[in-house]
Q: 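My questions all concern the structure below.
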Amino acid sequence: MLSKRELLARVGSVQQVASVRPVTFREGRADGLTAYAVRNGPLAFDVLADKGLDIGSFSYRGVGFDFLAKTGLLGRTAYDTHGTEALRSIMGGLMFTSGYESICSPCTLDGRDYPLHGRIRTTPAEHRSADAFWDGDDYVLRVSGEMREAELFGENLVLRRSIETRLGERTVRIVDEVVNEAFRPEPLMLLYHFNVGHPLLSEAARVVLPVLATKPRDEVSRPQVESWATMPPPKANEPEYVFLHELAADAAGDTFAAIVNQELKLGVRLGFNRQALPYFMQWKSTAAGDYAIGLEPANSSVYGRPHHADAGDLHMLAPGAKEIFELTITVLDGDEEIDRVQEEADRLSRR
């Protein structure tokens, strides 16, 4: 790491090594999609301003970490939140946010339709901003904005999101503040869909979790429950599998999920707090053309809104109240860091 003065002596502009730039895509279904292209040395990623400030592409030293679905990049569409039609607008990316009225499968309750993974993932950001500045010897790259999920005579939930990384680090920090600006309690269902694909994901990859217990979501997943941590080669027309994991955490509630690739000597670690996000699901798709793993911390069950409505424990946010959720995405580089994250999982599991 160079100090500020040492770096400025070696570059004409700091943007030679680190930058955050607004971009607009100009072709196909992505035409008009606005985003921020963030470059932090060998780390590069796109923050999709028209898609809830979610993270699209993500790479390190030219190696892609994210999964991009067959639809490719998509801009705003008219059909993206209608029942299972959402499968035509879920494009993946490293992370998309699910919620807030519902998560996971589409459903109809009391005559109201709730789309697949909710509506917040397709909500464009307002009051958006991007900044790059010196904080002492640290060069900070930051994107922020707000998304509102609202309806006439209905909910009024506001998500204020900040995404930050610092030059020389391999960590991206996401801080979400969700405020209920309505005058009645509102459901707040939230799931972070963190998607890893090829080339980081291959037969050489494995999932690392501080796991205490695992069960399948359904009978289709049950035969695969013992092999949740590994990835076979792609297979045509293979169904998706989903596993529900109980994760260990430290005294503060902090825990993580990671995917590592021993051949590439690379990995990625997703850190979060189990007190805020007590549920964790793993989506595993080995189907040819849909080859991906999803790591999914959430404040609600994979069985969605009907499950919590029946149980009477739907997570609610009082009028004027707010909740804060924090995630850290860290690139793992080298055998030592891969071994260290496995040791961390083993240590937490033994607590």
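Just so it is clear, the model here is predicted, and its values are computed rather than measured.
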Q: If you measure from the Lys or Arg side-chain nitrogens to the Asp or Glu carboxylate oxygens, is any gap between K265 and E263 under 4.0 Å?
A: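 Result for this pair is no, no salt bridge flagged.
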Q: Taking the side chain as C-beta and beyond, is there a heavy-atom pair between F194 and I55 under 4.5 Å?
A: no
Q: Would you please say whether a donor-acceptor pair under 3.5 Å links the side chains of N40 and R166?
A: no
Q: If you group Ile, Leu, Val, Met, Phe, Trp and Tyr by side-chain heavy-atom gaps below 4.5 Å, do L94 and L33 land in one group?
A: no
Q: Backbone N or O of T230 within a donor-acceptor pair of the K284 side chain at under 3.5 Å?
A: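 Present.
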Q: Are V17 and V20 in one and the same hydrophobic cluster, where Ile, Leu, Val, Met, Phe, Trp and Tyr link if side-chain heavy atoms are under 4.5 Å apart?
A: yes
Q: Any donor and acceptor pair, going by atom type alone, linking the side chain of D138 with main-chain N or O of V140 inside 3.5 Å?
A: no
Q: For residues E323 and M316, report the shortest heavy-atom separation together with the two atoms involved.
A: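 The pair with the smallest heavy-atom distance is OE2-O, 4.4 Å.
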Q: Would a hydrophobic clustering, with Ile, Leu, Val, Met, Phe, Trp and Tyr connected at side-chain separations under 4.5 Å, put I163 with L167?
A: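 Shared cluster, yes.
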Q: Using the rule given for side chain to side chain contact (heavy atoms under 4.5 Å, CB included), can you reason through T214 versus L244, listing the C-alpha separation, both sets of side-chain angles and the distance that settles it, and then say yes or no?
A: CA-CA 6 Å; T214 300; L244 287 63; over 6 Å; no
Q: Without hydrogens or angle criteria, can the side chains of D46 and Y36 be said to hold a donor-acceptor pair below 3.5 Å?
A: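 There is no such pair between these side chains.
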Q: Distance check, rounded to the nearest 0.5 Å: T97 atom OG1 versus L327 atom CG?
A: 8.5 Å
Q: Could you tell me whether the side chain of P232 reaches within less than 4.5 Å of the side chain of E238, counting heavy atoms only?
A: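 E238 vs P232: side chains apart.
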Q: Take N299 and Y279 through the side-chain hydrogen bond (donor to acceptor under 3.5 Å, both in side chains) test and state the conclusion after the steps.
A: CA-CA 6 Å; N299 75 347; Y279 295 84; over 6 Å; no
Q: I need the minimum non-hydrogen distance between A257 and L209, along with the two atoms involved.
A: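 Closest heavy-atom pair between A257 and L209: CB-CD2, 3.3 Å.
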Q: Would you kindly say whether D250 and T255 are connected by a side-chain donor-acceptor distance under 3.5 Å?
A: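 Their side chains do not contain a donor-acceptor pair, so the 3.5 Å distance test is not met.
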Q: So, taking the atom named SG in C104 and the one named CD in E296, what distance separates them when rounded to the nearest 0.5 Å?
A: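 Output value for this atom pair is 6.5 Å.
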Q: Looking only at the side chains, is there a donor atom on one of Q15 and R21 sitting less than 3.5 Å from an acceptor on the other?
A: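 Looking only at side-chain atoms, R21 and Q15 do form a donor-acceptor pair, the distance falling under 3.5 Å.
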Q: Would you say that more than 12 heavy atoms from the other residues, nucleotides or ligands in this model lie under 6.0 Å from the CD of E226, or not?
A: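 Open.
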Q: Of the non-hydrogen atoms in A132 and L141, which two are nearest, and what is the gap between them?
A: CB-CD2, 3.7 Å
Q: Determine the interplanar angle of the F65 and F58 rings, folded into 0 to 90°, and report it as parallel if under 30°, tilted if 30 to 60°, perpendicular if over 60°.
A: tilted
Q: Is it true that, when you exclude E336 itself, more than 12 heavy atoms of the residues, nucleotides or ligands shown sit nearer than 6.0 Å to its CD?
A: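 No, CD of E336 has 12 or fewer neighbouring heavy atoms, counting only those of other groups under 6.0 Å.
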Q: Tell me the closest heavy-atom pair linking F280 and P297, and the distance in Å.
A: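 Reported closest heavy-atom pair: CD1-N, 3.7 Å.
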Q: Would you check if there is a donor-acceptor pair between the side chains of S57 and D66 at a distance under 3.5 Å?
A: no
Q: Would you say the side-chain atoms of Q282 and W228 include a donor-acceptor pair closer than 3.5 Å?
A: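 On atom types as modelled, these side chains do not qualify, holding no pair under 3.5 Å.
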Q: Using atom types as modelled and distance alone, determine if a side-chain donor or acceptor of E149 lies under 3.5 Å from a backbone N or O of Y100.
A: yes
Q: Under a 4.5 Å cut-off applied to non-hydrogen side-chain atoms, are I293 and M231 in contact?
A: yes
Q: Check for a donor-acceptor pair, side chain of E337 on one end and backbone N or O of D333 on the other, with a separation under 3.5 Å.
A: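 Yes; at least one donor-acceptor contact below 3.5 Å.
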Q: In sequence, state the C-alpha distance, the side-chain angles, and the governing distance for N273 and F325, and then conclude on side chain to side chain contact (heavy atoms under 4.5 Å, CB included).
A: CA-CA 8 Å; N273 189 277; F325 305 90; over 6 Å; no
Q: Using the rule given for salt bridge (charged side-chain N to carboxylate O under 4.0 Å, His left out), can you reason through E177 versus R161, listing the C-alpha separation, both sets of side-chain angles and the distance that settles it, and then say yes or no?
A: CA-CA 6 Å; E177 178 185 281; R161 170 168 287 178; over 6 Å; no
Q: Side-chain donor-acceptor pair under 3.5 Å between H193 and N195, yes or no?
A: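 Side chains of H193 and N195: pair found under 3.5 Å.
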Q: Please indicate whether N237 has more than 12 foreign heavy atoms, meaning atoms of other residues, nucleotides or ligands, lying under 6.0 Å from its CG.
A: no
Q: Is a side-chain donor-acceptor pair under 3.5 Å present for R142 with S129?
A: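 Note: S129 and R142 side chains miss the donor-acceptor criterion.
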Q: Report the C-alpha separation of R206 and Q262 in whole Å, then their side-chain angles, then the decisive distance to 0.1 Å, and conclude whether the side-chain hydrogen bond (donor to acceptor under 3.5 Å, both in side chains) test is met.
A: CA-CA 9 Å; R206 72 178 191 276; Q262 208 78 46; 3.1 Å; yes
Q: For D176 and K322, what are the C-alpha separation, side-chain angles and deciding distance, and is it a salt bridge (charged side-chain N to carboxylate O under 4.0 Å, His left out)?
A: CA-CA 10 Å; D176 284 353; K322 69 178 178 181; over 6 Å; no
Q: Side chains of S3 and E6: do they bring a donor and an acceptor to under 3.5 Å?
A: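 Checked: S3/E6 side chains pair up, N/O donor to acceptor below 3.5 Å.
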Q: Working note: S13 + Q16, criterion side-chain hydrogen bond (donor to acceptor under 3.5 Å, both in side chains); need CA distance, chi angles, decisive distance, verdict.
A: CA-CA 6 Å; S13 166; Q16 184 174 326; over 6 Å; no
Q: Between K51 and G75, is there a donor-acceptor pair closer than 3.5 Å when you use the side chain of the first and the backbone of the second?
A: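 Side chain of K51 to backbone of G75: a pair is present.
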Q: Does Q224 offer a backbone N or O that forms a donor-acceptor pair with the side chain of S227 under 3.5 Å?
A: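 Yes.
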Q: Calculate, to the nearest 0.5 Å, the distance between atoms CG and CG belonging to L247 and L212 respectively.
A: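 Here the interatomic distance stands at 7.5 Å.
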Q: Do N261 side-chain atoms and G267 backbone N/O form a donor-acceptor pair below 3.5 Å?
A: no
Q: Going by atom types only, do D50 and T34 share a side-chain donor-acceptor pair under 3.5 Å?
A: yes
Q: Decide if the gap between the ring center of F96 and the ring center of H117 is smaller than 6.0 angstrom.
A: yes
Q: With rounding to the nearest 0.5 Å, note down the distance linking CG in L191 to CD1 in I120.
A: 13.5 Å
Q: Tell me yes or no: between the side chains of D290 and S285, is some donor less than 3.5 Å from an acceptor?
A: no
Q: Taking D113 for the side chain and T108 for the main chain, is one N or O donor matched with an acceptor at less than 3.5 Å?
A: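 No, the answer is negative, given that no donor and acceptor are paired below the 3.5 Å cut-off.
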Q: Are more than 12 heavy atoms, taken from residues, nucleotides or ligands other than F183, located less than 6.0 Å from that residue's CZ atom?
A: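 Check fails, neighbour count at 12 or below.
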Q: Indicate the ring-plane relationship of Y303 and H307, choosing parallel, tilted or perpendicular according to the 30° and 60° boundaries.
A: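 Aromatic pair Y303/H307 classed tilted.
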Q: Give the C-alpha distance, both sets of side-chain angles, the deciding distance and a yes or no for salt bridge (charged side-chain N to carboxylate O under 4.0 Å, His left out) between R112 and E151.
A: CA-CA 13 Å; R112 290 181 61 88; E151 180 185 41; 3.1 Å; yes
Q: Give a yes or no on whether a salt bridge exists between R148 and E155, defined as a side-chain N under 4.0 angstrom from a carboxylate O.
A: no
Q: Going by atom types alone, do D218 and S221 pair a side-chain donor with an acceptor below 3.5 Å?
A: yes
Q: I need the L314 CG to S102 OG distance, nearest 0.5 Å.
A: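 Rounded to the nearest 0.5 Å, the CG-OG separation comes out at 10.0 Å.
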Q: Does V175 belong to the same Ile/Leu/Val/Met/Phe/Trp/Tyr cluster as V47, with side-chain heavy atoms less than 4.5 Å apart forming each link?
A: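 Unlinked, V175 and V47 end up in two clusters.
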Q: Check E146 with R160, please: is the shortest side-chain N to carboxylate O separation under 4.0 Å?
A: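 Salt bridge between R160 and E146, a charged N being under 4.0 Å from a carboxylate O: yes.
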Q: Determine the minimum heavy-atom distance between E101 and M189, stating which atoms define it.
A: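 The answer is O-SD, 3.4 Å.
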Q: Using the salt bridge (charged side-chain N to carboxylate O under 4.0 Å, His left out) rule, take K4 and D137 through it: C-alpha gap first, then chi angles, then the decisive distance, then the call.
A: CA-CA 5 Å; K4 176 181 178 180; D137 273 344; over 6 Å; no
